[in-house]
Amino acid sequence: MGESNLLFESEESTVFVDALLPLPIPRFFTYRVPRQWAQVVESGLRIVVPFGSTKVLTAVIVSVHHQPPKQYQAKYLLEILDDAPLVTTSQIALFQWVANYYMCYPGEVFQVALPAGLKISSQSKVQVHPEFDQLNELTEKERVIVEAIQAKGALTYDEVARVAEVKSPYHHIKALVGKGAVLIFDELKDRYTPKVIRKIRLCKAWEDIGALTELIKSLEDKTKQISVLLHYLRFIPVLRDPSTNQKGLEKASFSLAELSDSSLQTLLKNGIFESFEVIVSRFGSDQDDFIPATFDLNEPQTKAYQSILDQFQTKETVLLHGITGSGKTEIYIRLIQEALANGDQVLYLLPEIALTTQIVSRLKKIFGEQVGIYHSKFSDNERVEVWKSIVEGKYPFVVGVRSSVFLPFSRLGLIIIDEEHESSFKQTDPAPRYHARDVAMVLANQQGAKVLLGSATPSIETYYQAKQGKYGLVTLSERFGKAQLPELRVLDTKYATRMKQMKGGFSADLVSVLQSNFERGKQSLLFQNRRGYSPYIQCQDCDWIAECNQCDVSLTYHAKDQELRCHYCGYREGLLTRCGACGSTQLKTMGYGTEKLEEELQLLIPDARIGRMDLDTTRSKTAFNSLLSEIQSGNIDILVGTQMVAKGLDFEGLSTVAIFDADRIINFPDFRAHERAFQLITQVAGRAGRRDEQGQVYVQTNQPSHRLFDFIQRGDYAALYADEIVEREGYHYPPFSRLIKLTLRHMEAQAVDQAARYLGGILKERFGHGRVLGPEKPLIERIRNQYAMEILIKLEKGVSLAKFKESLRACLDELPSNKLFKGVQVIPDVDCL
DNA sequence: AGCACGCCGACT
DNA sequence: GTCGGCGTGCTC
């Protein structure tokens, strides 16, 4: 082989990788692979790459090839983080599908898919050049910066900005680099640190029974040491089974038994014990209370279970429509066990809010080590662990929230989506604005898995698909055991007001119901979907209302902290004593939040022990759990709560449920308001009387004859559906069309207005006036000083979505060409809720 | 998305 | 003359 040939070969065989970066950029980036890694690169590995002049990012390899880019010089990748692929090819395909469908970038999907612990944090830091001493050559600002860096050793750009009080530290730093005063370096750290425990075991020589008995004898007079050894043998029966020694005993066990640490050290020193470290799962091993599943399905459950299996023969997706308390969970468990026995992976998706300790601990008891939990209340380290474990084939069963559809599954057999109708499966705020239920179906399709949707109150869209025969449908209409459906009574607040029977927001009837239930020693639940004390405060003299100065919303009064808060931007200020307009001191709290209900109720029923469950009282995991146990142990007579009491909460003593303000739920300005009201009220009502006694449900409303109450009372989902589907068809709403919402945002109201009107015009012209609604002002016009306008596009079924989106994308891309609209953000939300 | 570069007005 | 503002375009 000649020399030129060799050269040629090496040139040809330079390896490049295309990488997916966690950024909103519509393409892959190509990097050159250093020779020493040419053999190890493969798709799915995480790599560290330089990006721009200062940034360093974690990316993932999507392909390996030999084509040097023609337009530019590829940079070298800096590091390879994994020995084996951490991201599967099918995941990357899914990311691309999501990006394409929801009109965002694959990098944005990648960004939410990967737990933060798997992304390296790169912070460019600056340090003072070790040989620099020309302080007098610097400007005043520069000297301040250099001194600050010197004091701390090193600073990030952000810190420089803060210390020196400059907006753009880059200018200064660049100048300083030029003068040889400072150096820039990157600090990389893999933020994931596995949890390690130190263990102790006998050295190999003593595993032999003979040697061990000799040893015990020889230590006879060393009482401290012998008790340490005996402690070990009590837990690890080496004499009976030498193989148990391998796993050893936690070091902590000795100190816990108050054994002398110095004796242990002596034994270690003398080569009797040895210490070693093991990486353990952060989810404590629950082997001790491993309880095998020993329940039986009742007859309706068995039938439903059979029917699901039958329908899976021909359908990819089955809807299990089972009323609250019908025992859907047992059916899920059966199906999960079956899938696991088949060697399949299982994903059980739950809405965030429902993922309470209750259901998780139940599943953990049944599935033990097989189940991994993927949830935002868990630390990032724990999420990293779930991810890695799935790759390694551990955790065949994952219970998780929305984002767990992006986990690295490879052989999914079943996906269960519980509370299928829950809107929290749809991500709305940052891109990707995906619906986990719909992504799950694509995932299932990819992996050949079946999907089971479960709900007591299915979404209209899903039920329609089932009715059309696209999904299988299984109905469970009997409550488990002998439990009866709760009885629903409507309390007319209009009438009560006329008869002067209102005590604050409470009708006399509601008070007496709660009072007598308390006297009977029963627990009650009062539902009001609004946190804080009062949603607004108003001047009694001039009607002025305190508003957030960054958003167009009233400020909510929080009594506990004596402050006014904006629930949209988080702004807070102390409670006002005077009206902001006329200076009057006649300020009154208006409307009812959970805090105020708690307070008023305490005055109305002084002896009752009242608890409150909302975002403000359950911020931490511990607060939530302790509140739960208070309820369970009967230390709370009446629980006031928001949304969160409606989901997943399941406790025995609860016999009465009251909905404080049903009107607010029913009259919400949205085409889904009735569907949502039915779901919410049914769900809250379902909390009552889950065992032997029939529960009571009371609803305060000023429209007592509203059809919805009749439907809810009879548990008549079919009636609701029949009603709604007609409306949906008439007005071309889902499931008869797809909705795409465009939100335009800008600091200037006028810019948003003009851009929205212009874009609306173009879209109407291009896609037809019937398909484009708006532009309209959203419910809240301004948030964080950003004005917004919305345009809604309805696309009837049958229109090519791909073609439409392409065309829409073109419209959006040409918008900034008009100087008037520069800087106006347009955010598409596909299948918006 | 950042952020670097460049061009502009407002100050030591 | 420097500093900080913002607009624009690029990042392999």
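Throughout, a chain's letter reflects where its sequence line sits, starting with A, and its residues are numbered from 1. The structure presented is a predicted model; accordingly, all values stated were derived computationally and were not measured. Computed from heavy atoms alone, side chains included, the values below leave out hydrogens, waters and symmetry copies.
Not counting sequence neighbours, the partners of A/P430 by the side-chain contact (heavy atoms from CB on, under 4.5 Å) test are A/Q427. The salt bridge (Lys or Arg N to Asp or Glu O under 4.0 Å) search around A/R437 returns A/E420, not counting sequence neighbours.
A/Q73 places its CD atom 13 Å from the P atom of C/dT11, with the value rounded to the nearest Å. Going from atom CD1 of A/I61 over to atom C1' of C/dC12 covers 14 Å, rounded to whole Å. Rounded to a whole Å, the NZ atom of A/K55 is 16 Å from the P atom of C/dC10. Regarding A/L20, its CG atom lies at a distance of 18 Å from the P atom of C/dT11, rounded to whole Å. For the pair A/L57 CG and C/dC12 P, the computed distance is 9 Å after rounding to whole Å. Spacing between atom NE2 of A/H65 and atom C1' of C/dC12 amounts to 10 Å, rounded to whole angstrom units. Atoms CZ (A/F110) and C1' (B/dA1) sit 15 Å apart, rounded to a whole Å. Residue A/L21 contributes atom CG, which lies 8 Å from atom C1' of C/dC12 at whole-angstrom precision.
Ring geometry for A/F110 against A/F95 counts as tilted: the plane angle lies between 30° and 60°, on a 0 to 90° scale.
Nucleic acid contact for A/P22: none, since no nucleic acid atom lies under 4.0 Å from a heavy atom of the residue. When heavy atoms are screened at a 4.0 angstrom cut-off, A/P69 is found touching no nucleic acid atom at all. At a threshold of 4.0 angstrom between heavy atoms, the contacts of A/I25 include nucleobase atoms, whether or not backbone atoms are also involved. Using a 4.0 Å heavy-atom criterion, one finds that A/Y31 contacts the sugar-phosphate atoms exclusively.
Counting only N and O atoms by type, the side chains of A/D753 and A/Y787 include no donor and acceptor under 3.5 Å apart.
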